[in-house]
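Worksheet for the structure shown next.
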Amino acid sequence: MSQYFTEDASVEAVNARMGQNINPRLAQVMASLVKHLHAFAKDVHLSQAEWDIAIEFLTKTGQICSGERQEFILLSDVLGFSMLVDAINNRRPAGATENTVFGPFHVDNAPELPMGSNISLDGKGESCRFEGMVIDLHGNPIAGARVDVWSDNADGFYDVQQPDIQPKWNNRGVFITGADGRYAFQGIKPVSYPIPDDGPVGQMLNHLGRHPYRPAHMHYLVTAKGFEKLVTHTFVGDDTYLSSDAVFGVKKTLIAPFEHVNDGQTIWRSPFDFVLTPV
Ligand code: BEZ
Ligand code: FE
């Protein structure tokens, strides 16, 4: 039975148009989306001028997207939506290392390096030795784990943001654990940096009185056969932006020690074990 549109029955009018033989999950997701979207407009009594601004914002968000720039993911990140979807899909047992936001700066096929290698190729920053083990929930070492790492340089930029300034693969590398489950590499103590804020998402943050900074962190993508993929960071514990990360990525369990060693080999040492969850 078709239904004419009214303000009161707006949700029913739209959802009643769905066909009978459509994908049931699509029907469930779209029906809920329409319900909550209409409730939002009614809740704030959305004006036509406000909706026009929103359409212009979304248009600009799409227009700035390219192979290198994904403004919609950035929008999802600053709205806490990326972290929410990640949390819903990665509920882990106690003791397992938690996930956090992936971010736009991972690059596939970074060089696989001998354990202990230096990934900082531009000679900038304070050296830091990152080391620990990849283990299961019982503390057993995981052999053959792939530890893919990336961070910004001392100026707060990833190599892909400065292809003409930084050496290719600066502050990136892949390490494969041996039978002892250990990983180790030499990098720099990361620094805090702003997410790309020269587009509509940056303007939105500005209007909302929010800064665009992320607290200093080292990114990890850890994979091993028989275990869930771990997408995470370790954070530097004394960072100013720890409690106001622009993308809500900080979790207490991911704050790592950064010990000042200055032993002639390295200035800092950051030990951290990654505990993987079986699939
Ligand atoms: C990052 O940590 O690299 C990142 C995460 C989300 C948005 C922008 C950058
Ligand atoms: Fe990052």
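Order of listing sets the numbers, starting from 1, for every ligand and every atom in it. Just so it is clear, the model here is predicted, and its values are computed rather than measured.
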Ignoring waters, how many N, O or S atoms from the protein are under 2.8 Å from the Fe ion (ligand 2)?
4
Do M83 and K251 have side chains that get closer than 4.5 Å, going by heavy atoms?
yes
With a 4.0 Å cut-off, would you call [X] and [Y] a salt bridge?
X: R172; Y: D159; answer: yes
X: E131; Y: R182; answer: no
X: E126; Y: K189; answer: no
X: K42; Y: E7; answer: no

Go through the structure and list residues passing salt bridge (charged side-chain N to carboxylate O under 4.0 Å, His left out) with D198, not counting sequence neighbours.
R69
Determine the interplanar angle of the H260 and W268 rings, folded into 0 to 90°, and report it as parallel if under 30°, tilted if 30 to 60°, perpendicular if over 60°.
perpendicular
So Y193 and H217, would you call those rings parallel, tilted or perpendicular, with 30° and 60° as cut-offs?
tilted
What residues form a ring pair (Phe, Tyr, Trp, His ring centres under 6.0 Å) with F274, not counting sequence neighbours?
Y183, Y220, F272
Protein residues that have a heavy atom under 4.0 Å from any atom of ligand 1, sorted by chain and number:
L74, D77, G103, P104, F105, Y158, Y193, I195, R214, H217, H219, V247
